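Below, all heavy atoms of this structure are taken into account, side chains as well, without hydrogens, waters or symmetry copies. Just follow the structure's listing: the first ligand is 1, and inside any ligand the first atom is 1. What you are looking at is a predicted structure, and each value in this text was computed from that prediction instead of being measured.
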Amino acid sequence: MKRKGFSCRNCGHCCLHLVDAYRGCISDGDLERWKSAGRSDIMARIDTLDLGRGNILHLAWIDPETGEDADRCPWLLDLPEGAGHLCGIEDIKPDHCRQFPDNRKHALQTGCPGYSIPAAGSPPPNSDEMQEAPIRKRKNHG
Ligand code: SF4
Ligand code: SF4
């Protein structure tokens with residue numbers, strides 16, 4: 001998805017620090033994409049919860065060996081010498097990853113530097129904008 005004024009810096013902030021990235025909901029479209037691509041390795045890392053009455057929830061990501069929640073997205077690649085990060089499943093990554101950030105305001109709220117140049121005539125960020133963050137920040141573990 002092309003967004004005017006947006007350019008991903010490959011900083012990895014969304015993948016590393018926004019919990020919805022590695023603990024977000026997997027869509028039906030994601031499941032279809034991975035089934036069609038024969039990516040059983042991705043399917044093995046999905047946590048499927050049966051909420052009853054036919055409601056099934058699929059969540060990213062677990063360790064397939066232990067069934068434990070992942071502390072970090074297993075598809076995140078580290079570039080050498082701290083040069084940033086890449087997604088190892090870029091072409092088929094989950095919808096919630098490909099849709100991030102929703103817009104300039106969402107990027108500002110969640111710390112994404114992809115919109116580094118303010119929109120013409122836009123007001124400076126204020127504290128009200130910073131209070132609601134649609135993507136949850138990562139909890140501290142341990
Ligand atoms: S936080 Fe923004 S700039 Fe950084 S990797 Fe994610 S989308 Fe790209
Ligand atoms: S699947 Fe790719 S874009 Fe999504 S959190 Fe993992 S590394 Fe980041």
Side-chain angles (χ1 to χ4, degrees), residues 1-51 54-142:
M1 176 173 55
K2 283 261 181 194
R3 282 162 288 195
K4 194 175 176 192
F6 179 78
S7 176
C8 178
R9 312 291 186 217
N10 297 327
C11 68
H13 168 65
C14 55
C15 309
L16 287 165
H17 302 129
L18 303 179
V19 71
D20 283 1
Y22 60 89
R23 196 61 189 155
C25 285
I26 298 301
S27 71
D28 290 343
D30 293 331
L31 295 175
E32 286 305 313
R33 196 178 314 123
W34 299 334
K35 277 182 196 163
S36 298
R39 293 299 300 263
S40 55
D41 57 330
I42 300 178
M43 305 290 283
R45 291 184 174 274
I46 299 168
D47 193 10
T48 298
L49 307 176
D50 186 345
L51 304 178
N55 292 318
I56 305 288
L57 187 64
H58 301 283
L59 292 171
W61 302 106
I62 58 169
D63 181 329
E65 303 288 323
T66 64
E68 296 289 319
D69 295 344
D71 257 357
R72 167 182 159 133
C73 177
W75 315 111
L76 185 63
L77 305 176
D78 302 323
L79 292 172
E81 299 175 10
H85 303 270
L86 293 176
C87 175
I89 56 170
E90 177 66 27
D91 292 344
I92 52 172
K93 66 188 179 183
D95 286 337
H96 69 258
C97 297
R98 61 185 68 238
Q99 287 158 6
F100 177 83
D102 293 341
N103 49 41
R104 185 181 293 271
K105 182 179 177 184
H106 187 211
L108 179 68
Q109 289 170 330
T110 54
C112 166
Y115 290 97
S116 59
I117 302 169
S122 65
N126 61 44
S127 57
D128 290 343
E129 281 184 320
M130 300 301 287
Q131 281 173 5
E132 33 162 332
I135 285 201
R136 290 168 288 148
K137 289 207 170 157
R138 181 176 189 164
K139 290 181 205 155
N140 289 325
H141 295 274

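Nearest protein heavy-atom neighbour of atom 3 (S) of ligand 1: R9 N, 3.2 Å. Scanning the protein for heavy atoms near atom 5 (S) of ligand 1, the closest one is G12 N, 3.3 Å. Residue, atom and distance of the protein heavy atom nearest to atom 8 (Fe) of ligand 1 are C8 SG, 2.4 Å. Summary of contacts: the protein heavy atom closest to atom 2 (Fe) of ligand 1 is C112 SG, 2.3 Å.
Taking every non-hydrogen atom of L76 and a distance limit under 4.0 Å, the qualifying atoms of ligand 2 come out as 7 (S). Taking every heavy atom of K93 and a limit of under 4.0 angstrom, the matching atoms of ligand 2 come to 3 (S). Counting the atoms of ligand 2 from 1 in the order shown, those under 4.0 Å from a heavy atom of C97 are 1 (S), 3 (S), 4 (Fe), 5 (S). Taking a cut-off of under 4.0 Å to the non-hydrogen atoms of C73, the atoms of ligand 2 that pass are 1 (S), 5 (S), 6 (Fe), 7 (S).
In this structure, F6 and Y115 have tilted ring planes: the angle between them lies in the 30° to 60° band. The aromatic rings of W61 and W75 sit perpendicular to each other, their planes meeting at more than 60°, with 30° as the lower class boundary.
Counting heavy atoms under 4.0 Å from ligand 2, residue P94 touches it through the side chain alone.
A donor-acceptor distance shorter than 3.5 angstrom exists from the side chain of R33 to the backbone of K93, with no hydrogens or angles considered. Looking at H17, its side chain never comes within 3.5 Å of a backbone N or O of T110 through a donor-acceptor pair.
Here C11 meets the criterion, with an N, O or S atom under 2.8 Å of atom 4 (Fe) of ligand 1. Residue contacts to atom 6 (Fe) of ligand 1: C14 brings an N, O or S atom closer than 2.8 Å. Contact annotation: H13 places no N, O or S atom under 2.8 Å from atom 8 (Fe) of ligand 1.
For D28, the CG atom is loosely surrounded, since the number of other residues' heavy atoms within 6.0 Å does not exceed 12.
Using modelled atom types and a 3.5 Å distance limit, the side chains of H85 and D78 yield a donor-acceptor pair.
Between L16 and C11 there is no side-chain heavy-atom pair separated by less than 4.5 Å.
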*Could you go step by step and tell me if C25 and L59 meet the side-chain contact (heavy atoms from CB on, under 4.5 Å) rule?*
CA-CA 5 Å; C25 285; L59 292 171; 3.9 Å; yes

